[in-house]
Amino acid sequence: APAGDGIGFSWYSKEEGDSYVSISTKEDMSSPQTIAASGASNETGFRYTAKAEGLDADTTYYYQVCTEDNVSETGTFRTAPESGAFAFINLAGTDGSDLNDASVAADTMKVALDTRQDASFILHSGSMVDASRGDEAWKELFFNAQDTFLSTLYAPAVGNEGTQTVTGQFNIGETGYYSFDYSNTHIAVLNTSENAEHCVSEEQIQWLKDDVADARARGAEWIIVSLDKGPYTTGSTADAPEVAGLRTVLLPVIDELGI
């Protein structure tokens with residue numbers, strides 16, 4: 001996942017041991033840079049995270065995540081150009097009730113990437129899996145969409161899964177809200193599952209104000225905000241109390257920031 005000024009990696013292993021990311025500009029993974037990972041145990045094994053920083057702009061990289069002698073298949077991504085236009089894919093609500101639904105979600109992502117082969121990343125605006133199905137739902141999605149996750153960057157928003165569930169799968173920090181620059185654009189990803197009354201906390205609103213101000217000071221020409229619960233929707237949540245609350249606290253800030 002894009003992570004501020006770098007790329008965040010996250011993976012699980014049943015083994016505890018020396019873990020790292022190998023990253024190279026060559027498809028055969030020759031002359032790789034090695035980035036050490038940090039690990040923590042959980043109920044199913046160990047989770048490892050690492051962050052690649054200082055990468056060259058507008059460059060294709062290849063990577064493998066490694067724990068001891070276990071090495072993943074090779075993935076790839078392209079870093080942002082220093083300026084200029086780019087394309088990305090935005091989708092949401094890929095959650096489903098079974099393996100078949102996960103297959104449909106994976107097919108949707110694949111078709112989108114096949115259609116826009118120049119897409120730099122996928123911006124997923126929340127509710128990737130059915131939260132009630134736990135780890136099984138994530139396994140089904142990652143299994144079916146493995147080729148997609150290995151072929152592009154992925155920037156998820158917290159949806160109905162909840163903060164800890166999403167941050168436990170993606171290296172995006174603990175709060176569930178984060179941001180990154182891509183070319184002349186700054187993208188802020190909000191966490192609308194943070195507050196029961198108006199979806200986002202006062203701390204997150206202040207973070208957004210500071211974050212956008214910093215981005216504009218760096219010369220960002222475009223500001224994009226991604227979030228799961230939209231202030232306006234034709235869905236069943238349009239009249240939900242927390243969404244009405246979101247309109248009250250977020251929309252004035254959006255106007256104030258000129259987003």
I want to check something: taking the side chain as every heavy atom from C-beta on, are [X] and [Y] in contact at a cut-off of under 4.5 Å?
{"X": "Glu197", "Y": "Glu242", "value": "no"}
{"X": "Thr167", "Y": "Ile172", "value": "yes"}
{"X": "Asn90", "Y": "Ile122", "value": "no"}
{"X": "Met109", "Y": "Leu113", "value": "no"}

Any link between [X] and [Y] through a network of hydrophobic side chains (Ile, Leu, Val, Met, Phe, Trp, Tyr) touching at under 4.5 Å?
{"X": "Leu99", "Y": "Leu141", "result": "no"}
{"X": "Ile259", "Y": "Ile205", "result": "yes"}
{"X": "Ile89", "Y": "Leu153", "result": "yes"}
{"X": "Trp11", "Y": "Val166", "result": "yes"}

Could you grab the distance from atom [atom1] of [X] to atom [atom2] of [Y], nearest 0.5 Å is fine?
{"X": "Phe9", "Y": "Ile35", "atom1": "CZ", "atom2": "CD1", "answer": "6.0 Å"}
{"X": "Asp95", "Y": "Asp130", "atom1": "CG", "atom2": "CG", "answer": "6.5 Å"}
{"X": "Ser179", "Y": "His186", "atom1": "OG", "atom2": "NE2", "answer": "3.5 Å"}

Discussion item. Can you tell me how the ring of Trp138 sits relative to the ring of Phe170, calling it parallel under 30°, perpendicular over 60° and tilted otherwise?
Written reply: perpendicular
Worksheet item: Angle class for the Phe180/Tyr178 ring planes (parallel below 30°, perpendicular above 60°, tilted otherwise)?
Response: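 Parallel.
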Worksheet entry | Results of side chain to side chain contact (heavy atoms under 4.5 Å, CB included) for Asp214 - residues two or more places apart only |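 With sequence neighbours excluded, Asp214 shows a side chain to side chain contact (heavy atoms under 4.5 Å, CB included) to Arg218, given in chain and number order.
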[X] and [Y] aromatic centres sub-6.0 Å:
{"X": "Phe46", "Y": "Tyr12", "value": "no"}
{"X": "Phe77", "Y": "Phe149", "value": "no"}
{"X": "Phe121", "Y": "Tyr154", "value": "no"}

Worksheet item: Considering residues at least two apart in sequence or located in another chain, which fulfil the side chain to side chain donor-acceptor pair (under 3.5 Å) criterion with Thr44?
Response: Asn42
In this structure, are over 12 heavy atoms from other groups packed under 6.0 Å from [X] atom [atom1]?
{"X": "Arg216", "atom1": "CZ", "result": "yes"}
{"X": "Glu53", "atom1": "CD", "result": "yes"}
{"X": "Glu68", "atom1": "CD", "result": "yes"}

Item to complete: Would you mind checking if Arg78 and Asp58 are paired as a salt bridge, meaning a charged N to carboxylate O distance below 4.0 Å?
Response: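 Salt bridge present between Asp58 and Arg78.
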Practice prompt. Determine yes or no for a side-chain-to-main-chain donor-acceptor pair under 3.5 angstrom, with Ser151 supplying the side chain and Thr148 the backbone.
Written response: yes
